[in-house]
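Accompanying notes for the structure given below.
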Amino acid sequence: MKVLNFGSLNYDHVYQMDHFVAPKETQSSLGYARGFGGKGLNQSIALAKAGVEVYHAGKVGADGQDFIDYLRKYGVRTDYLKKADDEATGHAIIQVCKGENCIILYGGSNQSITPQEIDDVLCHFERGDVLLIQNEISSMAYLIEKAHGKGMKIAFNVAPANEKIWGYPLELIDTFIVNEVEGAFLAGGDASDISGVKKALQEKYPQKEIVLTLGGDGSSYLHGAEEISQPAYPTDVVDTTAAGDTFTGYYLAMILQGRGVKEALDIASRAASYTCQGAGAAQSIPSLSDLHL
Ligand code: RIB
């Protein structure tokens with residue numbers, strides 16, 4: 001069984017802010033750093049650091065050799081990662097203020113992935129292999145249809161949640177991984193009413209496995225009427241960027257390694273908490289040994 005993460009890669013430009021910039025305001029940042037990110041890349045790093053061999057497919061621009069080197073450094077397979085000559089790698093402008101963030105995305109090469117490029121990757125995978133996706137690349141509907149047609153199991157981290165997802169064949173997804181805002185978008189309801197969001201998810205997707213992350217309020221696994229809950233591990237938060245990606249990668253890694261749902265939620269929660277203790281995205285993701293299990 002092989003694991004494929006077909007997802008985004010971004011240069012993250014991270015600005016430390018006193019407060020988030022408001023309309024008509026110009027504000028100096030308190031600090032700046034550039035790092036590797038993209039929900040796709042972060043989740044591949046988390047999977048690899050949790051001990052799973054993962055193939056990362058996607059597209060960087062001519063300026064993107066650094067990403068290939070970075071992924072390889074952590075043992076991520078880059079056999080199917082494409083480099084385009086005529087466009088720039090995606091990037092994100094991230095404001096960080098009191099641990100919270102605001103993100104502006106520029107898709108770049110993440111948004112020029114074609115059906116043909118998807119076919120070129122999927123021909124290396126087969127029934128029973130696992131596909132992890134997020135919502136930061138192009139040709140998503142095609143990717144889901146083709147992977148399902150091959151008999152791959154599909155986990156979809158619905159992030160960012162936007163109108164595009166209504167054009168995807170969501171009925172072909174096996175596992176949804178969402179936070180409360182994404183869950184409310186996916187199923188309806190008010191993100192501040194957690195029990196309402198859970199009920200809506202259970203009613204709208206009774207056959208699907210759903211992993212719901214709730215920040216400081218922990219996480220839940222929903223499958224039909226079944227619910228397994230996990231408290232969060234409180235920590236001093238420096239930057240929450242990539243905490244959700246860490247959770248997704250670790251949860252999936254633990255399930256793929258044969259752990260039960262409860263244990264997978266527990267370890268993923270520890271890993272996400274660790275990520276919150278550092279600034280930046282991929283660079284903050286822990287190795288299994290960092291968690292002292
Ligand atoms: O989830 C965090 C990530 O979202 C950042 O690394 C940024 O690149 C965006 O994709």
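What you see is a predicted model, and the numbers here were worked out from it, not measured in a lab. We're numbering straight along the sequence, starting at 1. Order of appearance sets the numbers: ligands from 1, and atoms from 1 within every ligand.
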Query raised in the report: Would a 4.5 Å heavy-atom cut-off, applied to side chains only, mark F156 and I165 as touching?
Result: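 Result yes, sub-4.5 Å side-chain heavy-atom pair found.
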**Report entry** Non-hydrogen side-chain atoms of V21 and Y15 separated by less than 4.5 Å
**Finding:** no
Using a strict cut-off of 4.0 Å, indicate which atoms of ligand 1 neighbour a heavy atom of [X].
X	answer
A281	6 (O)
K39	1 (O), 2 (C), 3 (C), 4 (O), 10 (O)
A92	7 (C), 8 (O)
G37	6 (O), 8 (O)

Report summary line: Among non-hydrogen protein atoms, atom 8 (O) of ligand 1 lies closest to D12 OD1, 2.6 Å
Query raised in the report: Please state which protein non-hydrogen atom is closest to atom 10 (O) of ligand 1 and give its distance, to 0.1 Å?
Result: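 Ranking protein heavy atoms by distance from atom 10 (O) of ligand 1, first comes E136 OE2, 2.8 Å.
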Query raised in the report: Taking the six-membered ring of Y55 as reference, does the NZ or CZ atom of K2 fall below 6.0 Å from its centre and within a 45° cone about the axis?
Result: yes
Query - Residues E87 and K59 bridged, charged N to O under 4.0 Å - result: yes
Query - Given V211, I228, D266, the one that forms side chain to side chain contact (heavy atoms under 4.5 Å, CB included) with V261 - result: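 By the side chain to side chain contact (heavy atoms under 4.5 Å, CB included) criterion, V261 pairs with just one of V211, I228, D266: I228.
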Query raised in the report: At a non-hydrogen distance cut-off of under 4.0 Å, which region of N42 contacts ligand 1 (side chain, backbone, both, or neither)?
Result: side chain
Query raised in the report: Can a donor-acceptor pair be found between the side chains of Q207 and H223 at a distance below 3.5 Å?
Result: no
Query raised in the report: Could a heavy atom of G244 be found less than 4.0 Å from some atom of ligand 1?
Result: no
Report summary line: Min over N110, D245, T241 of heavy-atom distance to atom 1 (O) of ligand 1 lands on D245
Requested in this report: Would you name the heavy atoms of Q134 and F6 that are closest together and state the gap between them?
Outcome: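 In this case the closest contact between Q134 and F6 is OE1-O, 4.0 Å.
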